[in-house]
Amino acid sequence: MTEEKTGSPVGKSYPHAQALEILAAGRPEAIKATAEQVLDTLGEVAVLVNRTGLAMLPLTDTVCGTAFHLGEVLVSEAHIRVPERSVEGYGAVIGRDLEHAMAMAIIDAAITAGHQADIILELLDAERRHQEAEDRLLLQKVEATRVQMETF
């Protein structure tokens, strides 16, 4: 995919894989708005791939440790190239939201190029905090349903 440039403020705060995970699970409106800001100054973008398709969902059996495919998942993906900066960007999200995938690819290319890192870092921080708050809320709901069992 893309190579991270050392010295990038985003790369210092978030490893590439973590940044992509945050963007893929992020709120589409926020990701798209940031991509629009970045796109204005990024340069000409060549779209290599922009499609939806089915991908196999791998899972590992916890007892035997063997891998198997649980089923298929609809995925939207986008792959772009920014020739002026010699970088590429990739985005993939679950579902039909091609705009979210494209926005993710634009931000990925900007991260690789070290372009508008302050805006991207602000987005990643906000989305990470939002995702952590959502996870906490879900765990609180799960904890409320926990049953205490006593053993004899």
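The chain is numbered in sequence order, starting from 1.
In this structure, E99 places its CD atom where only 12 or fewer heavy-atom neighbours from other residues, nucleotides or ligands lie under 6.0 Å away. Around atom CD of E44, no more than 12 heavy atoms belonging to other residues, nucleotides or ligands sit under 6.0 Å away.
The hydrophobic cluster containing V45 also contains I31, counting ILVMFWY residues as joined when their side-chain heavy atoms lie under 4.5 angstrom apart, directly or transitively. Criterion: ILVMFWY side-chain heavy atoms under 4.5 Å apart, direct or through other members. Under it, L39 and I107 are part of a common hydrophobic cluster. By the rule that hydrophobic residues join a cluster once side-chain heavy atoms approach within less than 4.5 Å of another member, V93 and V47 end up as members of one cluster. Linking Ile, Leu, Val, Met, Phe, Trp and Tyr residues whenever their side-chain heavy atoms come within less than 4.5 Å leaves I94 and M102 in two separate clusters.
Remark: Q116 pairs with T41 by the side chain to side chain donor-acceptor pair (under 3.5 Å) rule, at least two apart or across chains. Listed by chain and residue number, V38, L42, H115, I120 satisfy the side-chain contact (heavy atoms from CB on, under 4.5 Å) test with A110 (two or more places apart in sequence, or in another chain). Remark: D125 pairs with Y14 by the side chain to side chain donor-acceptor pair (under 3.5 Å) rule, at least two apart or across chains.
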Would you give me the side-chain donor-acceptor pairs under 3.5 Å for residues 66-78, sequence neighbours excluded?
residue	atom	partner	partner atom	Å
S76	OG	G95	O	2.5
S76	OG	D97	N	3.4
E77	OE1	Y90	OH	2.6
E77	OE2	R51	NE	2.7
E77	OE2	R51	NH2	2.8

Side chains of residues 134-145: which donor-acceptor pairs under 3.5 Å do they make with residues two or more places apart or in other chains?
residue	atom	partner	partner atom	Å
E143	OE1	R146	NE	3.3
E143	OE1	R146	NH2	3.3
T145	OG1	V142	O	2.7

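In terms of modelled atom types and a separation under 3.5 Å, the side chain of S86 and the main chain of V82 share no donor-acceptor contact. Between the side chain of H100 and the backbone N or O of A92 there is no donor-acceptor pair closer than 3.5 Å.
Screening residues 17-29 for side chain to side chain donor-acceptor pair (under 3.5 Å) gives R27-E127 as the qualifying pairs, with residues at least two apart or on separate chains.
Nearest heavy atom pair, residue I106 against residue A35, reads CG2-O, 4.0 Å. In terms of heavy atoms, V87 sits closest to A109 at CG2-O, 3.7 Å.
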Just do the side chain to side chain contact (heavy atoms under 4.5 Å, CB included) check on L20 and H16 with the steps written out, would you? CA-CA 6 Å; L20 293 179; H16 190 235; 3.6 Å; yes
I would like to know whether I80 and L48 meet side chain to side chain contact (heavy atoms under 4.5 Å, CB included); could you show each step before the answer? CA-CA 5 Å; I80 65 166; L48 305 176; 5.8 Å; no
Candidate pair L121 and S13, rule side chain to side chain contact (heavy atoms under 4.5 Å, CB included), full reasoning: CA-CA 8 Å; L121 194 54; S13 299; 3.6 Å; yes
Kindly determine whether H79 and N50 satisfy side chain to side chain donor-acceptor pair (under 3.5 Å), including the steps that lead there. CA-CA 7 Å; H79 185 188; N50 186 23; over 6 Å; no
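Atom-to-atom distance recorded for L124:CG and L23:CG is 5.0 Å, nearest 0.5 angstrom. A distance of 10.5 Å separates CD1 in I22 from CZ in R129, rounded to the nearest 0.5 Å.
No salt bridge links E36 with K32; every basic N to acidic carboxylate O contact stays at or beyond 4.0 Å.
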